[in-house]
There are 2 protein chains.
Amino acid sequence: MGFDDLAAVLRSRGLRLTAPRQLVLESVYRLRHATPDQIHADVSERAAGVNITTVYRTLELLEELQLVTHAHLSHGAPTYHPLGEHQHAHLVCRGCGDVQELPPPMLEGLAEDLRTTRGFRLDIGHVALFGVCGSCGSKEE
Amino acid sequence: MGFDDLAAVLRSRGLRLTAPRQLVLESVYRLRHATPDQIHADVSERAAGVNITTVYRTLELLEELQLVTHAHLSHGAPTYHPLGEHQHAHLVCRGCGDVQELPPPMLEGLAEDLRTTRGFRLDIGHVALFGVCGSCGSKEE
DNA sequence: GTCAGTGCAAATTCTTTGCACGTGT
DNA sequence: ACACGTGCAAAGAATTTGCACTGAC
């Protein structure tokens with residue numbers, strides 16, 4: 001998914017298929033919602049010598065190729081995730097930092113409201129909702 | 001609003017009322033959704049010599065005093081806004097960067113859903129919704 | 001063989017920290 | 001007078017840029 005396409009998408013633009021690019025894409029798929037730093041760490045576990053600079057550049061490229069997107073969760077740190085069949089919004093817990101994925105249907109009503117009342121076209125994939133998750137909520141009490 | 005309270009809130013904690021603190025709070029009220037940098041610029045227009053460091057420290061303090069909050073809009077830059085009677089979510093346009101305020105009632109349905117289905121307590125004030133606003137949408141066509 | 005891609009180091013940008021001086025109470 | 005606040009300079013963290021070498025095609 002988007003994954004096997006890498007070579008094809010690159011070729012169609014006259015770009016090259018390289019190890020760092022495959023590794024970074026793989027890590028984005030594996031980690032889900034990871035920061036550039038976390039992705040770099042994950043890549044480094046499987047192949048030494050890939051520079052953090054390259055990770056930044058590759059993420060930018062993959063985003064341009066529509067293979068990944070990013071959203072700003074938690075403390076402004078951008079987190080990247082695969083852009084596939086399953087668009088999703090993010091539910092971020094302020095207590096434990098956990099990120100849950102939220103299926104689009106739950107936002108359809110709101111999206112529709114915004115479209116009709118303001119002409120605003122909501123980008124569901126970038127939505128980040130902050131709050132306190134169930135388990136942290138009960139601990140607090 | 002929270003504004004005249006500054007002196008009182010500070011005093012009740014044994015903290016001091018100073019020019020930079022008044023100026024920063026004023027700018028947050030005036031600018032709505034401004035970054036530390038923008039606030040610093042605004043403050044500097046009215047009084048020279050206030051250091052950006054002080055702006056950061058003051059914002060942190062005002063947040064602790066519950067007079068302002070921040071949310072992460074657009075490119076990870078934190079934007080501060082007054083914390084008053086009117087809680088609100090944010091609607092951020094990817095085209096023009098404009099930030100609209102969204103009254104809480106529009107999110108009540110969603111908040112209720114999340115609470116019942118997942119026990120997730122949504123923090124409406126921190127919600128940032130990205131997308132394309134009406135005027136940018138029509139320009140695109 | 002070419003030129004895109006990469007590593008490395010340095011430059012930027014944003015934010016935080018340490019410290020001595022100034023000032024509100 | 002006391003200790004909180006501030007400015008200034010320097011330290012950190014995150015990200016970007018310049019450049020020469022390497023390697024995919």
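This one's a predicted model, so the numbers in the text were calculated from it and none came from an experiment. All chains are named by letter (A, B, ...) in the order of the sequence lines, taking the proteins before the strands, and each is independently numbered beginning at 1.
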Pair up each side-chain donor or acceptor in residues 44-51 of chain B with any protein partner under 3.5 Å, not counting sequence neighbours, and list the distances.
{"from": "S44(B)", "atom 1": "OG", "to": "H40(B)", "atom 2": "O", "distance (Å)": "2.8"}
{"from": "R46(B)", "atom 1": "NH1", "to": "E26(B)", "atom 2": "OE2", "distance (Å)": "2.5"}
{"from": "R46(B)", "atom 1": "NH2", "to": "S27(B)", "atom 2": "OG", "distance (Å)": "2.6"}
{"from": "R46(B)", "atom 1": "NH2", "to": "D42(B)", "atom 2": "OD2", "distance (Å)": "3.1"}
{"from": "N51(B)", "atom 1": "OD1", "to": "T53(B)", "atom 2": "N", "distance (Å)": "2.8"}
{"from": "N51(B)", "atom 1": "OD1", "to": "T53(B)", "atom 2": "OG1", "distance (Å)": "3.0"}

note: N51(B), atom CG; dG22(C), atom P; distance rounded to Å ~ 16 Å
Can you tell me how far apart OG1 (T69(A)) and OH (Y80(A)) are? Round to the nearest 0.5 Å.
10.0 Å
Listed pairs under 3.5 Å, donor-acceptor, residues 31-38 of chain A side chains, sequence neighbours left out:
{"from": "R32(A)", "atom 1": "NH1", "to": "E101(A)", "atom 2": "OE2", "distance (Å)": "2.5"}
{"from": "R32(A)", "atom 1": "NH2", "to": "H86(A)", "atom 2": "NE2", "distance (Å)": "3.0"}
{"from": "H33(A)", "atom 1": "NE2", "to": "H88(A)", "atom 2": "NE2", "distance (Å)": "3.3"}
{"from": "H33(A)", "atom 1": "NE2", "to": "H90(A)", "atom 2": "NE2", "distance (Å)": "3.2"}
{"from": "T35(A)", "atom 1": "OG1", "to": "Q38(A)", "atom 2": "N", "distance (Å)": "3.2"}
{"from": "T35(A)", "atom 1": "OG1", "to": "Q38(A)", "atom 2": "OE1", "distance (Å)": "3.4"}
{"from": "Q38(A)", "atom 1": "OE1", "to": "T35(A)", "atom 2": "N", "distance (Å)": "2.8"}

Protein-nucleotide distance (L17(B), atom CG; dT23(C), atom C1'), rounded to Å:
12 Å
Please report the distance, rounded to the nearest Å, between CD in Q22(B) and C1' in dT6(D).
15 Å
Smallest heavy-atom separation, H72(B) atom then F130(B) atom, equals O-CZ, 4.3 Å
Heavy-atom donor-acceptor pair, R21(B) side chain to R16(B) backbone, under 3.5 Å
yes
Nucleotides 1-5 of chain D: which of its N/O atoms have a protein N/O under 3.5 Å away?
{"from": "dA3(D)", "atom 1": "N3", "to": "R16(B)", "atom 2": "NH1", "distance (Å)": "3.4"}
{"from": "dA3(D)", "atom 1": "N3", "to": "R16(B)", "atom 2": "NH2", "distance (Å)": "3.1"}
{"from": "dC4(D)", "atom 1": "O4'", "to": "R16(B)", "atom 2": "NH1", "distance (Å)": "3.4"}
{"from": "dC4(D)", "atom 1": "O4'", "to": "R16(B)", "atom 2": "NH2", "distance (Å)": "3.2"}
{"from": "dC4(D)", "atom 1": "O2", "to": "R16(B)", "atom 2": "NH1", "distance (Å)": "2.7"}
{"from": "dG5(D)", "atom 1": "OP1", "to": "R16(B)", "atom 2": "N", "distance (Å)": "3.2"}
{"from": "dG5(D)", "atom 1": "OP1", "to": "R21(B)", "atom 2": "NH1", "distance (Å)": "2.9"}
{"from": "dG5(D)", "atom 1": "OP1", "to": "R21(B)", "atom 2": "NH2", "distance (Å)": "3.4"}
{"from": "dG5(D)", "atom 1": "O5'", "to": "R21(B)", "atom 2": "NH1", "distance (Å)": "3.2"}
{"from": "dG5(D)", "atom 1": "O5'", "to": "R21(B)", "atom 2": "NH2", "distance (Å)": "2.8"}

Nearest whole angstrom, please: distance from the P of dT6(C) to the NE2 of H40(A).
13 Å
Which pair of heavy atoms, one from V92(A) and one from F120(B), lies closest together, and at what distance?
O-CZ, 3.5 Å
Quick one, give me the B/S/- string for nucleotides 15-20 of chain C, reading 5' to 3', where B means a protein heavy atom under 4.0 Å from the base and S means that only happens at the primed atoms, P, OP1 or OP2.
SBBB--
What residues form a side chain to side chain donor-acceptor pair (under 3.5 Å) with E60(A), not counting sequence neighbours?
none
In whole angstrom, what separates L59(A)'s CG from dT15(D)'s P?
10 Å
Here the gap from L107(A) atom CG to D113(A) atom CG, rounded to the nearest 0.5 Å, amounts to 11.5 Å
How sharply is the helix from dG1(C)-dC25(D) to dT25(C)-dA1(D) bent, taking the axes over five pairs at either end and rounding to 10 degrees?
30°
